[in-house]
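Quick note on labels: first sequence line is chain A, next is B, and so on, each numbered from 1. No experiment lies behind these values; they were computed from the predicted model shown. Just so it is clear, the values below take in all heavy atoms, side chains as well, and ignore hydrogens, waters and symmetry mates.
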2 protein chains.
Amino acid sequence: MAVQRPTTSRRVTALDVAREAGVSRATVGFVLNDTPNQTISEGTRERVFRAAELLGYRPNSAARALASGRSRIILLVLPDWPAEYRLRDYLDEVSLVLDKAGYSLVTYTRQPSQSARPLWESLNADLVIGTASFSAPDVASMLACGVRAIHPDPDHPYRPDVSLAFSAGPELQVEHLHERGHRRLVYAAFTEPYASSMVVARHAAANERARALGLPDLDLRRIDYREGAPQQVVREWLDAGITGVVAFNDDVAAAVVGTAVRAGLTLPADLAVIGHDDSPIAAMFVPSLSTVRIDTAALGRQFGEFVLHRVDGRPLPTPRVSAKPVLVARETS
Amino acid sequence: MAVQRPTTSRRVTALDVAREAGVSRATVGFVLNDTPNQTISEGTRERVFRAAELLGYRPNSAARALASGRSRIILLVLPDWPAEYRLRDYLDEVSLVLDKAGYSLVTYTRQPSQSARPLWESLNADLVIGTASFSAPDVASMLACGVRAIHPDPDHPYRPDVSLAFSAGPELQVEHLHERGHRRLVYAAFTEPYASSMVVARHAAANERARALGLPDLDLRRIDYREGAPQQVVREWLDAGITGVVAFNDDVAAAVVGTAVRAGLTLPADLAVIGHDDSPIAAMFVPSLSTVRIDTAALGRQFGEFVLHRVDGRPLPTPRVSAKPVLVARETS
DNA sequence: CTGAAAGCGCTTACAG
DNA sequence: CTGAAAGCGCTTACAG
């Protein structure tokens with residue numbers, strides 16, 4: 001198929017459509033935007049639609065944003081590139097829900113370098129979403145750039161129920177190890193570059209469940225995987241009487257399990273490990289990793305609805321279904 | 001620190017800055033944009049900068065885009081979420097180079113669902129970059145949406161030297177297995193959702209090197225990791241006399257190695273496997289995975305320069321340094 | 001039921 | 001060296 005180039009290099013505007021349809025340019029806007037309180041005859045509507053289709057009209061988003069004061073862009077600031085396996089399905093669903101409501105989701109990871117201008121300066125987002133509270137300078141910068149809403153709301157306390165912590169996951173991890181008879185647990189995560197705020201939130205969720213089960217709090221242990229096999233960390237745990245490791249994700253679980261195997265330990269007899277995500281690596285690893293699978297698609301849909309509530313004032317669907325995570329017990333627990 | 005809210009909810013405009021500085025609004029634009037062929041006195045410049053600083057002025061990007069016809073946004077369409085470990089450094093560097101030139105990089109992964117409108121419809125990008133050629137309908141849609149440039153250029157043949165294939169990586173993988181005495185090799189990748197175009201490009205690079213070394217072509221074998229351990233695939237290879245596996249990335253290598261270990265094979269005696277990326281999992285896996293590390297940061301910088309060449313017509317820096325990949329030989333080769 | 005017109009906040013020739 | 005003014009392509013009261 002040959003690429004259809006416009007004969008004139010000029011882009012098609014609403015005025016072109018109006019001329020083609022024989023109406024005013026305002027009418028074109030009313031029809032195409034389905035503006036309420038405008039009664040347009042069916043014949044006119046038809047003609048406008050046909051003309052727009054014929055000419056391949058796409059509204060200029062910059063002009064629309066300038067005139068309406070809304071860009072219909074939602075910016076999601078991620079703590080890290082979405083390397084997490086399940087995050088993909090999650091973001092796909094969020095994106096889909098927003099798209100249906102006429103919004104576009106843009107994901108964005110801050111550069112480590114200070115010099116780079118944050119994306120909200122050039123994007124004119126209606127709403128900026130973070131996975132943790134934004135710093136005061138960030139909030140000030142967003143407001144100066146015309147961002148209309150920020151989540152988490154800087155004026156209100158942080159609402160962890162809509163974060164990416166997926167607290168049901170860590171809770172199930174703890175429950176599982178508890179059921180298997182483990183009482184002394186530790187929470188393991190990597191040091192940078194992994195998402196700090198998500199680590200903190202999931203660790204907190206694990207601790208909450210541990211307390212409810214009458215277990216002592218889980219220490220948060222950050223491992224630098226770049227320093228090679230962290231043999232001594234595992235030794236320390238054994239010396240301290242730890243028998244179960246709750247890992248932030250499957251990569252962390254793999255690091256711990258790999259180290260333990262090389263140290264000659266038998267899993268889960270000497271040490272039980274449970275990951276999070278059920279990423280491909282969990283099944284491939286030798287021994288295969290016990291883990292927890294989150295219905296991220298359902299949570300993504302739910303978060304999408306929440307975002308529309310924030311940006312459009314739509315009512316939140318109630319009752320909100322809390323998607324239950326699934327335990328995937330394999331060889332490490 | 002308290003969040004500084006503007007006293008009036010109205011956003012600060014160039015007119016406000018002009019009034020504060022006691023100049024015309026046009027002068028504000030000239031100073032802040034450093035417009036060439038405008039000679040503004042140093043005193044005036046100072047006053048404008050001070051006023052803009054004082055008021056916290058941020059130009060409205062929608063107005064700017066509408067008036068200038070350029071958004072200074074570059075859209076990178078990724079074949080998949082950046083799950084690849086090394087892609088992260090790469091994108092960081094591209095982003096940084098573009099930011100210094102006043103451009104913002106937005107990364108974007110197409111939704112599997114057909115219904116969602118592509119992001120270039122709402123973003124007004126100056127340049128859309130793909131990792132493979134775009135379909136004719138996509139190109140038509142971009143042009144209708146005012147995209148000024150597309151890469152790979154739909155009017156010119158695909159230039160693989162600026163793709164994400166990193167052809168030096170696959171070449172080194174093949175060289176290494178060849179050096180270790182392997183003559184019958186196979187190229188392994190996952191089925192969806194992994195990046196098809198990158199698989200094809202890397203497989204081609206591996207084949208090119210194999211031919212130069214006098215080896216037979218590598219078959220491309222796609223494995224569905226969701227179907228559990230692909231035992232029979234490994235069996236087939238052994239029966240066919242294959243002794244070396246070149247894997248698309250470390251995850252694929254892990255799947256193959258895990259399967260082989262479970263099947264009771266000894267690596268690398270029975271089968272040699274080499275991954276790509278040197279991701280954390282490569283060192284953690286038992287046995288640890290031989291792999292290839294790419295200087296993705298250098299390649300990212302190079303690609304950033306190329307993008308600026310495409311969008312701004314800047315000269316390409318020559319000679320272009322081809323960042324040499326590093327072999328990381330571990331237990332599987 | 002439809003249209004003329006002001007306005008969003010910039011950029012950019014052009015005139016002094 | 002600086003400013004007045006047109007124009008980018010929409011949206012949206014407002015008037016018929």
Side-chain angles (χ1 to χ4, degrees), chain A residues 8-19 21-48 51-52 55-73 102 121-122 124 126 144-146 148, chain B residues 8-19 21-48 51-52 55-73 102 121-122 124 126 144-146 148:
Chain A
T8 163
S9 71
R10 198 175 57 74
R11 194 170 161 184
V12 176
T13 72
L15 187 56
D16 298 321
V17 177
R19 276 203 271 257
V23 298
S24 82
R25 62 186 293 170
T27 304
V28 171
F30 293 147
V31 171
L32 262 31
N33 295 334
D34 210 12
T35 310
N37 305 327
Q38 295 291 143
T39 38
I40 313 270
S41 66
E42 200 44 54
T44 305
R45 286 172 55 82
E46 250 330 293
R47 283 212 311 286
V48 170
L55 300 176
Y57 170 66
R58 308 272 121 157
N60 180 319
S61 56
R64 184 195 286 247
L66 179 59
S68 71
R70 315 167 95 302
S71 64
R72 305 201 76 84
I73 285 175
E121 294 206 359
S122 34
N124 239 288
D126 290 338
C145 291
R148 306 163 63 85
Chain B
T8 164
S9 70
R10 197 175 57 73
R11 191 170 162 185
V12 176
T13 73
L15 187 55
D16 299 320
V17 177
R19 275 201 273 256
V23 298
S24 82
R25 63 186 293 171
T27 305
V28 171
F30 293 149
V31 171
L32 263 29
N33 294 334
D34 211 13
T35 310
N37 305 327
Q38 294 291 141
T39 38
I40 312 271
S41 67
E42 200 43 54
T44 305
R45 285 172 55 84
E46 252 328 296
R47 283 212 312 285
V48 170
L55 299 176
Y57 170 65
R58 306 273 124 156
N60 181 318
S61 56
R64 186 195 285 250
L66 179 59
S68 71
R70 315 167 95 304
S71 65
R72 304 202 76 84
I73 286 175
E121 294 205 356
S122 36
N124 239 287
D126 290 339
C145 291
R148 306 164 60 85

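Side chains of A:Val12 and A:Arg58 form no contact here, defined as non-hydrogen atoms less than 4.5 Å apart. Residues A:Leu32 and A:Val28 are in side-chain contact: their nearest non-hydrogen atoms beyond the backbone lie under 4.5 Å apart. The closest side-chain heavy-atom distance from A:Ile73 to A:Asp126 is not below 4.5 Å. Between B:Thr44 and B:Thr27 there is a side-chain heavy-atom pair separated by less than 4.5 Å.
Contact check, B:Ser41 against D:dT2: a side-chain N or O comes under 4.0 Å of OP1 or OP2. Look at B:Thr27 and you won't find any side-chain N or O under 4.0 angstrom from OP1 or OP2 of D:dC1.
Rounded to an integer number of Å, the gap from B:Tyr57 OH to C:dC10 C1' is 7 Å. Rounded to an integer number of Å, the gap from CG of A:Asp34 to P of D:dT12 is 13 Å. Nucleotide C:dT2 holds its P atom 16 Å from the CG atom of A:Asn33, rounded to whole Å. Counting to the nearest Å, the C1' atom of D:dG9 and the CZ atom of A:Arg58 are 16 Å from each other. Regarding B:Glu42, its CD atom lies at a distance of 11 Å from the P atom of D:dT2, rounded to whole Å. Rounded to a whole Å, the CG atom of B:Asn124 is 15 Å from the P atom of C:dT11. In this structure, B:Phe30 places its CZ atom 9 Å from C1' of D:dG3, rounding to the nearest Å. Between the C1' atom of C:dC10 and the CG atom of B:Leu66 lies a distance of 8 Å, rounded to the nearest Å.
For D:dG3, the paired base is C:dC14 (Watson-Crick or G-U wobble, both distances below 3.5 Å).
Toward the 5′ end of DNA chain D lies the nearest nucleotide of B:Val23, the other residue of the pair A:Ala67 and B:Val23 mapping further downstream. Along DNA chain D, the nucleotide closest to B:Ala63 and the one closest to B:Ser24 are compared, and the more 5′ of them pairs with B:Ser24.
Across all strands, A:Thr44 comes closer than 4.0 Å only to sugar-phosphate atoms, never to a base (heavy-atom distances). When heavy atoms are screened at a 4.0 angstrom cut-off, B:Ala26 is found touching base atoms of the nucleic acid.
B:Arg45 has a carboxylate O that lies under 4.0 Å from a charged side-chain N of B:Asp34, or vice versa, which qualifies the two as a salt bridge.
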